[in-house]
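Heads up, the thing below is written out as structure tokens.
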Amino acid sequence: MKLLTHNMLTSKCMKGVSVGYPLGINASDVRVSEVDFNPDFIARMIPKLDWAVLYNAAESIGQLEDLPKDLANNYENDQEFLKKVHHVLLEVDIINGELVCPETGRKFPINNGIPNMLLNEDEV
Amino acid sequence: MNSAAKTKKLERKLKKLQHTVLRETGMSCDLTPTKNIVICNAGLVNGLSEEAIYKHFSQHGILENILLLPGKSCSFVSYTKLQSACNAFETFNGKLNIAQDNKPVYLLYTSSLPVVETSKTWKNLPPGLLILEDFVTDEEETELLKLCDFEKDSNGMKNRQVKHYGYEFRYDTNNVDKDKPLNEAIPDACNFLWNRLSNTYGLDFHPDQLTVNHYSAGQGIPHHVDTHSAFEDPIVSLSLQSSVVMEFKLDNQHLCVLLPRKSLAVISGESRYDWTHGITPRKFDVVYTNNNFTALERATRTSFTFRKILQGECRCSYKSKCDSYSKQVNASIENDAASRLEKLHVHEVYENIASHFSDTRHKPWPNVLEFVQSFDTGSILVDIGCGNGKYLGQNTSSFSVGCDQSTGLINVCKDRGFEVFTGNCLSVPLRDDIADGVISIAVIHHLANEDRRLQAIKEMVRVLRVGGQALVYVWAKDQCKNEEKSSYIKQDRRNRKCKDITSRDGAVDNEVSVLQGVSLPVHTNRTQFKHNDVLVPWKLKGRSESDNVFLRFYHVFQENELPGMCRELSNVEVVKSYYDQGNWCVILRKV
Ligand SMILES: [Zn+2]
């Protein structure tokens with residue numbers, strides 16, 4: 001699971017959960033692999049992200065490197081910055097671990113890079 | 001070419017065609033004159049019509065029979081007299097240009113006509129149909145026509161003009177708004193019809209709805225069954241100004257019925273509930289009466305169709321055509337049952353067939369591909385019910401993420417390098433307003449009741465940002481739209497033509513009890529659907545007979561059902577609604 005996906009996932013569909021975001025991450029196996037860099041793609045993706053959630057997620061799994069805590073003003077033209085975002089968004093992969101609902105503590109396992117977000121019948 | 005050479009060429013041509021006819025129909029034919037002529041190189045498959053045959057061949061005498069066979073490229077004409085056949089033969093052979101691309105027809109004689117079961121016949125009426133000839137007089141006809149002046153009351157129907165009394169029949173829903181009667185009831189001037197029907201024929205019928213249709217010569221009405229839940233039995237139709245041929249179809253039976261001018265047709269029982277009826281758009285009918293064919297030129301025709309609104313639901317025994325029955329089956333699948341049904345007959349089936357299913361699902365559908373590839377760089381695309389990830393790698397400048405209920409299929413996606421998670425389409429674990437595009441291809445027809453199908457669409461819309469678009473595909477009940485067979489039907493080589501599919505529909509679907517109190521019909525693969533909620537068998541090869549068939553639940557959609565559901569949501573607009581290869585499809589935009 002990439003951190004871009006994590007940025008979108010929520011447990012709000014669970015019974016009794018109102019926001020369910022962001023999900024906590026307990027990672028036991030994190031891999032980094034190279035992905036082609038497309039600065040235009042990253043620049044257009046950034047406004048769609050919850051930046052604080054991305055920052056905290058990267059920090060929580062020790063993949064922050066030197067990503068700034070706040071978005072730079074002119075980031076569209078800052079190749080170095082876009083590259084760092086690219087790395088965090090697409091090159092970091094959580095292979096095994098779990099996601100945690102911030103309200104109920106319900107854990108969603110991640111196996112083989114696949115988060116299992118299925119809910120039991122009594123949870124919806 | 002001199003005439004000797006021409007004759008030689010014709011002889012060679014006929015020799016070849018003799019074999020073709022024998023192979024196609026089992027009939028032997030030659031140059032020995034009889035009353036029966038075979039048109040060796042033109043038939044239904046290359047567009048020859050009864051009317052075209054009649055127009056030319058009736059010039060040479062009285063026609064006893066015209067036989068066009070479904071799926072064949074030859075046809076047959078019989079005269080009452082041998083001399084007529086000989087005259088036609090001499091005049092037309094190699095010269096009459098009514099074969100495909102205006103090529104000449106080639107003729108031979110045959111001693112008898114083939115016996116066929118699937119072609120049109122004139123011999124019988126469908127059970128329950130009664131034609132009462134000369135039901136009204138000329139004076140009464142004139143008076144009735146005065147009730148409804150179409151020069152003044154024209155409206156927008158493309159093919160014919162319509163006026164309703166009592167209740168409006170709505171062509172978009174094929175039903176009436178039962179709680180919204182019109183101000184204008186059926187005119188009292190029609191009352192004499194019921195008294196006559198009761199006094200003369202002992203039929204008690206008191207309609208409260210009248211539809212007057214005004215057809216110009218050449219106009220028709222597509223085949224249909226009058227919606228069961230809308231009207232009682234019977235339906236009664238008075239033909240004024242012109243006679244017309246109405247055709248009735250059920251499975252492989254195709255009956256032509258002449259509705260003479262001033263006659264009353266009482267359509268009841270099986271003919272009302274199980275047979276479709278329609279009028280072919282054409283300028284003249286070829287009519288079979290007194291053992292021969294004659295042409296009947298159509299004039300402007302006005303029909304008065306009287307019906308009685310049904311209060312409550314239909315309780316007929318013709319379930320495959322009954323909307324009340326479908327509704328009742330669907331209502332019986334309450335949410336708890338629906339979820340258990342989906343678990344047993346969707347989720348568990350996909351886990352069992354995942355690898356085989358994935359092997360058979362390679363080729364992306366072009367229109368879905370086009371939609372996926374229409375998104376800009378940096379777009380977020382979500383595939384809800386992504387299956388084996390057929391559409392996930394198709395737009396490399398966007399971020400695509402797939403979601404499916406099946407662990408087996410999600411693993412296939414992951415192995416192919418796609419970003420996916422396991423999840424259910426009724427509660428998609430994504431933030432609101434995040435996606436630029438959503439697709440859900442062949443997914444929500446697996447949901448067992450309408451609330452759940454609507455909930456799945458709501459989830460797609462919730463995830464979509466304002467301005468974002470979603471594409472939804474569901475399986476269509478009608479697998480043979482506009483005479484075009486879907487690839488699902490085409491995969492069976494027996495189904496070369498649309499007509500042949502219906503002819504195979506004679507088989508009755510078995511019902512299987514899926515849950516306590518819920519039974520569903522098992523669909524016969526590669527045929528038209530007869531029910532809205534069905535179990536469709538999936539056969540795995542190389543397993544023992546007992547455990548290689550899995551029954552998947554499907555709700556197959558009627559025309560307009562999908563866009564109709566989408567219009568219930570206030571925050572979307574339907575951008576496009578179309579039919580694609582046996583599927584109903586919509587593109588939605590969140591507003
Ligand atoms: Zn019915």
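A note on names: the letters A, B, ... follow the listed sequences, proteins ahead of strands, and every chain is numbered from 1.
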Query raised in the report: Considering only heavy atoms, which portion of A:Asn7 lies under 4.5 Å from any heavy atom of chain B: side chain, backbone, both, or neither?
Result: both
Report task. Examine whether an atom of A:Thr5 lies under 4.5 Å from a heavy atom of chain B, and if so say whether it belongs to the side chain, the backbone or both; otherwise answer neither. Result -> both
Query raised in the report: How about B:Pro429 and A:Leu9: do any of their side-chain heavy atoms sit closer than 4.5 Å?
Result: yes
**Report entry** Minimum heavy-atom distance A:Asn112-B:Lys414, with the two atoms named
**Finding:** O-CG, 3.5 Å
**Report entry** Per-residue contact mode, B:Ile380 against chain A (heavy atom under 4.5 angstrom)
**Finding:** both
**Report entry** CG-OG1 distance between A:Asn116 and B:Thr407, expressed to the nearest 0.5 angstrom
**Finding:** 6.0 Å
Report summary line: Bottom line for A:Leu90: the part with an atom under 4.5 Å from chain B's heavy atoms is side chain
Query raised in the report: Do any N or O atoms from the side chain of A:Lys48 and from the backbone of B:Gly378 form a donor-acceptor pair under 3.5 angstrom?
Result: yes
Query - Donor-acceptor under 3.5 Å (B:Glu419 side chain, A:Lys2 main chain) - result: yes
Requested in this report: Answer with side chain, backbone, both or neither: which region of A:Met14 has an atom nearer than 4.5 Å to a non-hydrogen atom of chain B?
Outcome: neither
Requested in this report: Give, as side chain, backbone, both or neither, the part of B:Thr377 having an atom under 4.5 angstrom from any heavy atom of chain A.
Outcome: both
Query raised in the report: Which atom pair, heavy atoms only, marks the closest approach of A:Leu119 to B:Ser427?
Result: CD1-OG, 4.2 Å
